[in-house]
Every structure is written in structure tokens, then in C-alpha cells.
Amino acid sequence: MAETTKVTMAQALNTALRDALREDDRVLVFGEDVGPLGGVFRITDGLTRDFGEERCFDTPLAEAGIVGLAVGMAMGGFRPVVEMQFDAFAYPAFEQIASHVAKLRNRTRGRLTLPMVIRVPYAGGIGGVEHHCDSSEAYYAHTPGLKVVTPATAEDAYWLLRDSIADPDPVVFLEPKKLYWSREDTDLGRRGALPFGRAAVRREGRDATVVAYGPSVPVALAAAEAAAAEGIELEVVDLRTIVPFDDETVTASVRRTGRCLVVQEAQGFAGVGAEIAARVQERCFHSLAAPVLRVAGFDIPYPPPKLEHAHLPGVDRVLDAVDRLQFGDEPDTRHLLKGAVA
Amino acid sequence: MSVKSLRQTVQGLLPSLTPVRFVAEDGTPVAKPPVGYSEPSEEALREAYRRMVLGRRFDTQATALTKQGRLAVYPSSRGQEACQIGAVLALRPDDWLFPTYRDSVALVTRGIDPVEVLTLLRGDWHCGYDPAATRVAPQCTPLATQVLHATGMAEAQRRKGEDGVAMALIGDGATSEGDFHEALNFAAVLRAPVVFFVQNNKYAISVPLARQTAAPALAYKGIGYGVRSEQVDGNDLVAVLAVLTDAVAHARAGHGPVLVEAHTYRMDAHTNADDATRYRDAEEVERWGAADPLSRLETHLRARGVLTDADTAAAREEAEALAADLRTRMNADTTADPMELFDHVYADPTPQLLEQRAQLAAELAETALTQED
């Protein structure tokens with residue numbers, strides 16, 4: 001058995017890029033500051049040095065240009081892996097992503113395909129000033145033709161990125177910034193059992209299912225640890241890929257536990273969590289002992305650094321929601337709080 | 001950099017002060033032929049004439065088919081044939097073309113089956129031809145977005161060590177879009193072998209050029225990015241072909257991108273759904289009618305003895321045959337398969353798409369049963 005080592009998610013991503021560059025000449029890495037600097041988060045550290053300017057290079061500072069260039073290069077036989085420097089800086093590229101990246105295969109009946117990856121350092125929890133902490137997954141997940149991936153562990157970061165680069169379709173790869181420096185013992189050379197597109201049950205539990213992805217997975221696991229101390233066993237499902245969405249694993253879990261919480265950092269309204277809650281309720285209605293609850297950020301623009309703690313769903317907000325899962329058969333009365341209108 | 005070499009660099013990028021022109025509106029050669037460009041061969045000009053006759057006939061037939069309800073919409077390029085044909089004839093078959101919705105005539109000239117060209121506008125699918133086999137990207141609707149793709153494709157060719165060139169076609173309005181500027185900048189920095197060909201037909205739907213830009217000409221947009229630029233009389237096929245051939249050779253030789261602006265005119269409304277009388281007067285249209293690129297080339301070539309009555313008659317006959325074939329095939333009813341809607345979203349449909357596919361199949365089966373009753 002290969003030995004495990006302490007690896008950060010940032011190192012795992014860097015290793016995935018290196019291995020992909022080494023194994024496939026068609027793979028190119030480009031974007032803003034990804035060259036000699038190694039990216040503002042150092043995810044591309046050393047790639048230009050080790051693989052040359054031809055394989056990893058800086059581009060002019062224009063996100064639509066980066067993605068549009070990648071479209072043409074993918075049409076021309078390359079496999080571009082581009083970096084959007086921050087979540088909210090990717091918005092200029094949205095037209096390219098929504099109108100071309102997502103649609104080219106469909107428009108051309110599969111005659112042109114776009115095997116490309118758009119890496120996005122995303123979400124909050126790092127004390128970033130405005131425009132650096134958006135949770136933008138819903139925009140991409142709502143766009144047919146894109147695959148949307150967000151890892152929660154270093155091992156997943158490595159393998160999901162390798163799979164995304166090898167995928168025949170375009171992938172928006174959302175990297176939770178706050179997990180870049182989290183360490184875990186792992187052997188990146190050993191692929192886990194789960195294929196791309198399947199969710200992982202990170203912790204088993206009989207009382208309620210907590211569905212989470214990306215930055216919210218550690219929060220869900222911490223909440224499960226705390227709940228266990230109170231005698232409530234939470235099962236934690238990590239989606240790994242938002243698109244494709246693994247209905248099977250989620251519904252199997254909720255049918256077992258009879259209760260479901262969905263945790264996301266993003267603002268709740270019209271978010272991915274809302275979609276998951278709807279899907280669970282459509283599929284598991286007769287197994288449910290309580291309404292499916294969402295635990296999310298508030299419907300506000302991302303707050304300034306000193307206030308992000310008040311916005312981000314933490315362990316307490318998850319545990320409050322657990323309390324509202326009607327274990328004691330009391331109705332959920334949160335909507336009767338002073339100030340609530342309905 | 002010395003002042004002298006700086007001046008040379010700047011002058012090498014700037015377009016000529018007035019549009020390059022070989023043939024005047026009345027078909028006579030201009031008094032002083034443009035410097036730096038070689039006139040296309042007589043053989044090339046005869047072929048261009050034939051293609052322009054075919055292109056014009058295709059365009060008028062497509063407009064007629066739209067009035068008959070066979071096309072959802074048709075954006076005509078009547079009056080822009082020198083640009084449409086010149087662009088395609090300047091390219092090799094292994095070069096890539098990135099057209100817009102108004103460039104159907106260019107696609108027909110490229111040799112794509114006219115029915116496949118019209119698949120998009122007929123409403124059967126978004127693109128009817130095989131872009132990989134024809135090296136013609138799907139006709140692009142979001143303005144200027146495909147200019148970046150052309151740059152990427154050109155860059156891909158360069159990196160693979162191939163000498164292919166990519167040409168992006170856009171209109172005057174699209175030069176206001178950010179993607180146009182990003183593409184020029186990326187192409188210049190990367191020295192990508194791409195030609196940006198702007199057909200300035202004076203209107204972006206209804207908005208005239210004066211409201212689009214304050215630049216002396218759109219060709220001046222190149223210098224800010226270090227892109228070599230030129231402007232040309234877009235209704236003079238001889239000039240368009242000469243300038244674009246030169247631009248393509250420049251890009252192919254590895255000297256970087258070129259921006260070419262052609263001054264032309266959209267004789268018809270934006271599409272059949274548009275009413276051009278609301279924003280331009282008949283006099284203006286009449287004036288441009290006198291500058292018609294097809295009659296200009298015909299007059300010119302006849303005067304040179306390059307074109308005979310037999311040639312023009314043969315071209316017209318061929319054009320009528322093309323139109324008749326197009327009418328016959330476009331008047332046949334087609335059926336689009338609803339189940340195909342799920343086939344090309346991803347390489348493999350997601351579980352959710354498979355569920356929805358089954359749902360639609362059931363809905364269609366139910367409808368079919370109801371109709372039988």
C-alpha cells in the first residue's frame with residue numbers, strides 16, 4: 001500500500017495540472033498571472049518553469065477574451081485549462097460561457113466539442129474584500145451543457161480536476177478558496193472508488209441527511225460531529241459534482257434517514273440548494289418526516305470581511321436547522337419570528 | 001526605439017487614408033492604381049464574377065422563401081457580394097472561416113450546400129453543415145463573440161506548426177462590442193494568424209455608423225492594439241480580393257493579425273422583419289444602388305474583354321438552376337425529431353436528461369394516440 005502524505009488542496013490541484021500537462025500534449029494552462037507568478041493562489045506554481053511558456057502562459061487581462069480564446073483553441077484540437085482569477089471576475093466571460101462554451105456541441109450536433117476546463121477560485125471565508133468571494137455556482141449549474149464541479153477534499157481536488165480535463169465536455173471547476181490550505185493525509189496516486197458524477201457519503205448517520213458541496217462540506221461534517229454529541233446522527237453527502245447531479249445517492253440517503261438539510265454558502269434564493277430541496281421532496285415525499293430545509297447564506301451581496309461570519313452558514317446555523325427537523329413533532333415556527341412577514 | 005523606426009512602425013499599422021480601390025463605380029479602372037497590392041488574375045476575377053452572380057441569386061431567393069414562410073427569418077447581404085465572395089476566395093479550403101448570420105452568401109461560396117446553410121434560418125437546427133469538415137464555424141449570432149474563437153483557432157494552428165489562417169467576419173455594429181477589442185488585443189499579443197474582416201454596411205439594424213463610432217474609419221481601431229489595418233472599397237471586388245489576399249498572406253507568413261474594413265452597404269433591411277424606411281431615406285439607398293458591386297465588376301470585366309456575353313449568360317443560367325433547386329428542396333416539408341433535443345447537450349446525457357427524454361417520449365406518444373382517436 002502506498003504511503004499517504006499531508007497534502008493541501010492547493011498542492012493537489014497543482015499536481016493534477018502537472019500530471020495532465022505531462023500526460024497530454026494537448027493540455028494548455030493559461031489565464032491572468034498563471035505564468036511566472038503561479039497564480040494569485042499559487043495553484044499554477046512552477047508550471048511555466050517546468051513545462052515552458054508554450055504550455056502555461058499569461059494572457060492579457062480580459063476574461064471574455066480568455067474563455068473565447070479557449071473556445072477557438074479547443075475547436076483547434078487543444079484542451080485548455082483556463083483560470084478566472086476570482087469568482088466575481090469571471091462575469092465578463094459569462095456570455096462566452098453561456099452562449100458558446102455550453103452550447104457548441106448542441107449547436108453543431110456533436111460535430112464540434114469543447115473539452116475545456118474553466119477553473120474558478122470561488123466562495124468566501126477568507127476575509128476577501130468585495131468581488132472576491134461570490135458563490136456563483138447557480139449561474140453555471142442553470143446553464144445546460146456545462147458540467148459544474150466543486151471538490152471538498154484534496155483527493156477529490158486532484159481526481160475531479162484530472163477527470164474534468166479528460167472530460168469530452170466543458171467543465172466549470174469551482175475551487176473553494178477557504179479549503180486551498182486545508183491539509184489531509186492522502187495518496188493522490190490512488191484513485192477513490194467513486195466515478196465522476198457520483199456523490200460521496202462522507203459520514204453515515206441514521207437520523208437526517210445533510211447534503212453539501214465544496215466549502216460547505218467541512219461545515220456539515222463539523223455539525224454532524226456536534227450533533228452526535230447530542231445523540232443525533234447526521235449523514236453527510238458531498239455532491240462533488242453539482243452537474244451531473246447524483247439524485248440516486250441523495251435520495252437513497254434521505255429515504256433511509258427521513259429528514260434532509262441542504263447546506264450552501266451561496267445566497268439561498270433560487271440557488272442550487274433550492275433545486276436539491278425540490279428534487280428531494282419530489283422523490284422522497286413519503287419518506288420525509290419533516291420539510292426539507294435549506295441552510296444558506298442570506299440574500300444579500302457578499303458582506304465586507306468583518307461581517308462575513310454573520311453571513312456564512314456555520315455549525316450553529318446547521319444545528320439550528322437540525323432542531324427544526326421536527327424530531328419532537330413540534331411544528332417549525334421560525335416564520336413567526338418578529339419581523340417575518342409570512 | 002528611434003523616432004524613425006517608431007514612425008515606420010506606426011505607419012505600417014495605419015490604414016491608407018482613403019479606401020483602397022481598383023475600379024471606380026462606373027466600372028473604369030481608377031487613374032492611379034493602389035500601391036502595394038497586386039491585382040488578382042483575370043481567371044480569379046472571372047471566377048469571382050460567377051460566384052457573385054450565384055451569391056446574389058441565392059440571396060434574393062432566400063428573401064423570397066422567407067416571404068413564403070419557408071424561413072423563420074433571413075438577414076440579406078444584397079449589395080455586399082464583393083465582400084462575401086472576396087473573403088472566401090482569399091482563403092484556402094483548409095483555412096477557417098468564422099461567419100455571422102448575415103454571411104450565408106459566403107458560406108454558399110465556400111461550397112456548403114445552400115440548404116444546409118439555411119438550416120438555421122429554416123428552424124430545423126442551429127447549424128446544418130459540418131463545421132469540422134467545412135472549416136466554417138457555425139454562423140454566430142451574439143455579436144463579435146466569434147472573433148475570439150477565430151483568434152483561438154488561429155493560435156491553435158500556429159502552435160501546431162500548421163500554416164492555416166482564420167478569418168472572422170463581422171459588421172460595423174459589432175466593432176463596438178468588447179469581444180472585438182479583446183480579440184484584436186489577444187491576436188496582436190499572440191501574433192495569431194487571423195484576419196478580422198469588418199463589413200461596414202453602415203447600419204447596425206437601424207443605428208447608423210455615426211452613432212456607432214467617432215473614429216475616422218473603423219480600420220483605425222487596429223492601431224491601438226498593434227494590429228496592421230487597412231480599409232477598402234467594399235463594393236469593388238478587385239480591391240477586396242487584392243487586400244484580403246494580401247492580409248491572409250501576411251497572417252500566414254507569421255507576421256500577425258490584420259484588420260480590414262470594407263466600406264459597403266446593406267441594400268435590404270436588417271431582415272425581412274425590419275422596416276428600413278423608418279431610419280433611412282430612399283435617396284440614400286438609390287445612391288448606393290449605383291455603386292452596386294456586381295454590375296461594377298461586370299462592366300469592368302466586359303470593358304477589359306475578360307467577360308463575354310456567353311460568360312454572363314452561363315452564370316445567369318447556373319444561378320437560375322441554383323435558385324430552382326433551392327426552391328424545390330426548401331419547399332419540401334421537413335420534420336425535426338424532438339428526441340434529438342437531448343442528444344447533443346453532453347457527450348453522454350445526464351440521468352436527468354434521460355428522465356426528461358422519457359417524459360417527452362411519453363408526451364409525444366400520448367399526443368399521437370389522441371390524434372388517432
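Proteins come first, then strands; the chains are lettered A, B, ... in the order of their sequence lines, and each starts at number 1.
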Whatever's closer than 4.5 Å to a heavy atom in chain B on A:D247 counts as both
* Asked: Do A:R191 and A:D163 meet the salt-bridge criterion of a basic N to acidic O distance under 4.0 Å?
  -> yes
So, the part of B:F98 with a heavy atom under 4.5 Å from chain A: the answer is side chain
If the threshold is 4.0 Å, N to carboxylate O, is there a salt bridge linking A:R105 and A:D169? yes
Bottom line for A:K147: the part with an atom under 4.5 Å from chain B's heavy atoms is both
Test: B:R191 and B:E155 ion pair at under 4.0 Å = no
Cut-off 4.5 Å, heavy atoms of chain B, and the answer for A:E54 is both
In short, salt bridge (charged side-chain N to carboxylate O under 4.0 Å, His left out) pairs touching residues 161-174 of chain B with sequence neighbours left out are B:R92-B:D163
Highest number of heavy-atom pairs under 4.5 Å with chain B among A:G110, A:G76, A:P60 belongs to A:P60
Per-residue tally against chain A (heavy atom, under 4.5 Å) across B:L190, B:L148, B:V147, B:T350 peaks at B:L148
If one checks every heavy atom of A:P168 against chain B at 4.5 Å, the contacting part turns out to be side chain
Honestly, the part of B:V189 sitting under 4.5 Å from a heavy atom of chain A is side chain
Bottom line for B:L353: the part with an atom under 4.5 Å from chain A's heavy atoms is neither
Most heavy-atom pairs under 4.5 Å with chain A, out of B:A150, B:G178, B:C140, B:A156, belong to B:A156
Ordered numerically, the heavy-atom neighbours of chain A under 4.5 Å found in residues 114-124 of chain B are B:D124
key: A:D156 with A:R202: basic N within carboxylate O range, under 4.0 Å   = yes
Just list the side-chain donor-acceptor pairs under 3.5 Å for residues 280-287 of chain A, sequence neighbours left out, or say none.
residue : atom : partner : partner atom : Å
A:R283  : NH2  : B:E355  : OE1          : 3.1

Salt bridge (Lys or Arg N to Asp or Glu O under 4.0 Å) with A:D50: of A:R55, A:R18, A:R22, only one passes, and it is A:R18
Rounded to the nearest 0.5 Å, the OG1 atom of B:T213 sits from the OH atom of B:Y220 at a distance of 12.0 Å
For B:V105 and B:T109 the tightest heavy-atom approach is O-OG1, 2.7 Å
Most contact-rich option vs chain B, by heavy-atom pairs under 4.5 angstrom, among A:E248, A:M75, A:K103, is A:M75
When the 4.5 angstrom heavy-atom criterion is applied to B:A132 and chain A, the contacting part is both
If one checks every heavy atom of A:T113 against chain B at 4.5 Å, the contacting part turns out to be neither
Under 4.5 Å to a heavy atom of chain B? For A:F245 that would be both
So, the part of B:A347 with a heavy atom under 4.5 Å from chain A: the answer is both
message = What I want to find out is whether B:D343 reaches B:R357 closely enough, with some N-O distance under 4.0 Å, to be called a salt bridge.
response = yes
Quick note, side-chain hydrogen bond (donor to acceptor under 3.5 Å, both in side chains) partners involving residues 71-96 of chain A, not counting sequence neighbours, are A:D33-A:Q85, A:E83-A:R119, A:D87-A:K177, A:Y91-A:D134, A:Q96-B:H149, A:Q96-B:D179
| query | If we ignore angles and hydrogens, is there a donor and acceptor under 3.5 Å between the side chains of A:S164 and A:D167? | reply | no
Applying a strict 4.5 Å limit to non-hydrogen atoms, the region of A:V67 in contact with chain B is neither
Honestly, the part of A:L146 sitting under 4.5 Å from a heavy atom of chain B is backbone
*May I ask you to decide if the ring planes of B:F180 and B:F196 are parallel, tilted or perpendicular, using 30° and 60° as cut-offs?*
perpendicular
*Run the salt-bridge test on A:R198 and A:D238 with the 4.0 Å N-O cut-off and return the result as yes or no.*
no
